[in-house]
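Worksheet: the structure to be examined is printed underneath.
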Amino acid sequence: MDVLYFAWVRERIGLPRERVESTAATVAELVEELRGREERYEMAFSDLSALRVAVDQELTDFDAPLQGAREVAFFPPMTGG
Amino acid sequence: MDVLYFAWVRERIGLPRERVESTAATVAELVEELRGREERYEMAFSDLSALRVAVDQELTDFDAPLQGAREVAFFPPMTGG
Amino acid sequence: MRVLVQEAPFDLAEETARFAKGEGGSGAIVTFTGVVRDNDAGTLSAMEIEHYPGMTEKALREIAQQAVTRFELQDALVIHRYGRLVPGEQIMMVATAARHRRHAFEAAEFLMDYLKSRAPFWKREITAEGEAWVAAKDEDEAALERW
Amino acid sequence: MRVLVQEAPFDLAEETARFAKGEGGSGAIVTFTGVVRDNDAGTLSAMEIEHYPGMTEKALREIAQQAVTRFELQDALVIHRYGRLVPGEQIMMVATAARHRRHAFEAAEFLMDYLKSRAPFWKREITAEGEAWVAAKDEDEAALERW
């Protein structure tokens with residue numbers, strides 16, 4: 001699946017999107033896999049309460065299942081308007 | 001003083017404004033004087049709760065004193081906007 | 001602050017652009033525009049608006065000044081027409097500029113609530129069935145209690 | 001219903017005129033326009049707005065559709081820019097048209113509250129002192145509880 005990062009999550013991880021092969025069943029499991037990779041991921045995902053997630057461009061939560069998901073995005077709380 | 005009438009008050013009385021010589025101390029006393037004149041005044045002033053009054057272009061109530069007033073206006077509740 | 005009472009149409013786009021240009025970095029601009037709406041039966045041919053020259057301008061200016069003070073507005077605009085209008089014509093507009101959106105919204109609603117019940121305008125509807133003065137609504141008077 | 005996500009400036013006057021023209025006798029039109037405001041120190045040189053292409057359009061369309069249904073709007077417009085903006089530039093606007101003024105006002109506030117916290121935009125302030133992401137405010141999240 002494609003994993004996208006926005007705003008300071010993108011800055012900490014150092015890239016806007018990447019292809020990730022994963023068998024994670026939920027967003028939370030995917031986050032655990034990513035945190036295990038490198039320190040920059042650990043830093044980006046250190047406080048999940050400061051993060052939001054969208055699966056296939058729909059806002060959801062960290063318990064959401066990933067079955068069939070093509071795109072997962074992580075970002076801080078939005079500041080539109 | 002000048003007495004002005006608007007909307008259906010103007011229609012019932014049949015004129016938009018007139019010069020009235022009066023020694024009425026309050027708006028209510030002026031209304032009593034006008035009601036005593038002719039039936040069209042009696043009709044226009046039959047229900048004071050349906051009327052509003054302005055003295056010198058400031059909304060006020062029927063107890064308001066008339067001392068020094070130059071202009072008194074009677075009209076139904078406003079429907080601006 | 002700008003208050004206009006006029007018979008002629010106003011140009012909503014031009015007034016909005018002018019207001020936005022002069023708002024001085026306020027952050028939030030709200031406008032409200034009232035349009036003559038046909039009645040449910042589709043028989044309204046015109047809306048006639050009577051007003052009280054002299055008092056109208058004074059009342060609108062006082063209401064606008066209250067809004068500016070109370071909601072810390074950078075600027076406020078009120079335009080209200082009188083005379084004969086047909087369905088689809090714009091009757092009036094207000095605009096407010098504030099640093100915070102809540103203030104800009106509240107001020108515009110405050111202006112509208114006061115214009116409805118405290119500015120000396122009276123509307124008369126001309127329909128295929130006849131003519132009648134528009135009655136003030138209890139809910140419009142009640143709306144003032146919020147403020 | 002019209003939803004635009006764009007880098008280019010929009011013409012507030014033209015958009016307002018177009019919206020008012022197409023509102024179909026609704027009676028009440030409300031617009032809200034957001035402008036880049038300088039900070040208190042007067043040192044803001046730019047505001048950079050990042051967004052999530054694809055999701056942004058989808059989210060805005062859903063929010064606008066909710067507003068139309070919930071407040072019985074005749075029409076709704078949402079325009080939101082991204083990219084680099086300087087103080088005084090217009091960031092976004094919404095417009096709502098309804099038969100009753102309360103609905104038009106509420107719908108515009110609803111749109112703004114949802115845009116603030118549910119549309120995937122992130123603001124970054126570039127000042128003389130440095131650069132920083134704008135943090136979401138607890139009050140913006142709390143504002144959603146009204147609806």
Side-chain angles (χ1 to χ4, degrees), chain B residues 1-20 22 26-28 30-31 34 39-81, chain C residues 3 5 32-37 47-64 66 78-82 85 90-94 108-125 131-144:
Chain B
M1 75 194 87
D2 289 314
V3 181
L4 284 67
Y5 311 109
F6 291 97
W8 57 253
V9 182
R10 171 179 53 70
E11 290 179 332
R12 287 192 193 172
I13 291 176
L15 44 103
R17 68 189 298 154
E18 61 186 319
R19 185 87 202 152
V20 172
S22 166
T26 64
V27 172
L30 175 62
V31 168
L34 293 169
E39 206 186 331
R40 57 197 170 104
Y41 290 94
E42 176 62 36
M43 268 178 57
F45 290 107
S46 61
D47 177 11
L48 291 192
S49 74
L51 289 181
R52 300 291 178 269
V53 61
V55 173
D56 289 336
Q57 306 190 350
E58 285 283 354
L59 275 179
T60 183
D61 50 47
F62 288 86
D63 295 333
L66 284 181
Q67 210 190 354
R70 293 176 313 267
E71 190 171 298
V72 180
F74 296 101
F75 40 78
M78 293 152 276
T79 53
Chain C
V3 170
V5 180
F32 178 91
T33 310
V35 180
V36 180
R37 196 177 69 198
M47 171 86 83
E48 284 176 3
I49 302 175
E50 182 171 337
H51 81 120
Y52 183 170
M55 179 172 165
T56 311
E57 292 78 358
K58 196 162 167 262
L60 294 185
R61 205 170 294 280
E62 280 170 13
I63 293 166
Q66 273 181 46
V78 177
I79 304 177
H80 204 303
R81 295 176 64 193
Y82 57 87
L85 286 79
Q90 288 155 7
I91 307 177
M92 48 73 59
M93 75 173 287
V94 303
E109 292 210 63
F110 172 93
L111 285 173
M112 288 309 302
D113 284 347
Y114 273 84
L115 279 180
K116 280 271 164 195
S117 311
R118 291 291 181 272
F121 291 101
W122 300 275
K123 291 188 185 124
R124 185 175 176 77
E125 289 178 343
E131 306 190 7
W133 292 100
V134 174
K137 294 196 193 87
D138 288 344
E139 67 190 65
D140 285 334
E141 190 63 32
L144 296 182

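So that the names make sense, note that chain A is the first sequence line, chain B the second, and so on, each numbered from 1. Not measured: the values here are computed from a predicted model.
- For B:A54, the part lying under 4.5 angstrom from a heavy atom of chain C is the side chain only.
- Applying the side chain to side chain contact (heavy atoms under 4.5 Å, CB included) test between B:F74 and each of B:I13, B:L4, B:L30 identifies B:L30 as the sole match.
- Residue C:K58 touches chain B through its side chain alone, counting heavy-atom pairs closer than 4.5 Å.
- Judged by the 6.0 Å distance and 45° axis criteria, B:R12 is positioned over the aromatic ring of B:W8.
- Comparing B:A50, B:P76, B:A73 by how many heavy-atom pairs each has under 4.5 Å with chain C, the most go to B:P76.
- Of the atoms belonging to C:A59, not a single heavy atom falls under 4.5 Å from chain B.
- The candidate with the highest count of non-hydrogen atom pairs below 4.5 Å against chain B, out of C:R118, C:E48, C:M112, is C:R118.
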Checklist line | Step-by-step side chain to side chain contact (heavy atoms under 4.5 Å, CB included) determination, B:M78 to B:F6 | finding: CA-CA 10 Å; B:M78 293 152 276; B:F6 291 97; over 6 Å; no
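- A salt bridge links C:E131 to C:R124: at least one charged side-chain nitrogen sits closer than 4.0 Å to a carboxylate oxygen.
- Only the side chain of C:E62 has a heavy atom closer than 4.5 Å to any heavy atom of chain B.
- When B:E11, B:R17, B:E18 are each tested for a side-chain hydrogen bond (donor to acceptor under 3.5 Å, both in side chains) with B:Y5, only one passes: B:E18.
- From B:F45, atom CZ reaches atom CZ of B:R40 across 11.0 Å, with rounding to the nearest 0.5 Å.
- Looking at C:R81, there are no atoms closer than 4.5 Å to chain B (heavy atoms on both sides), in backbone or side chain.
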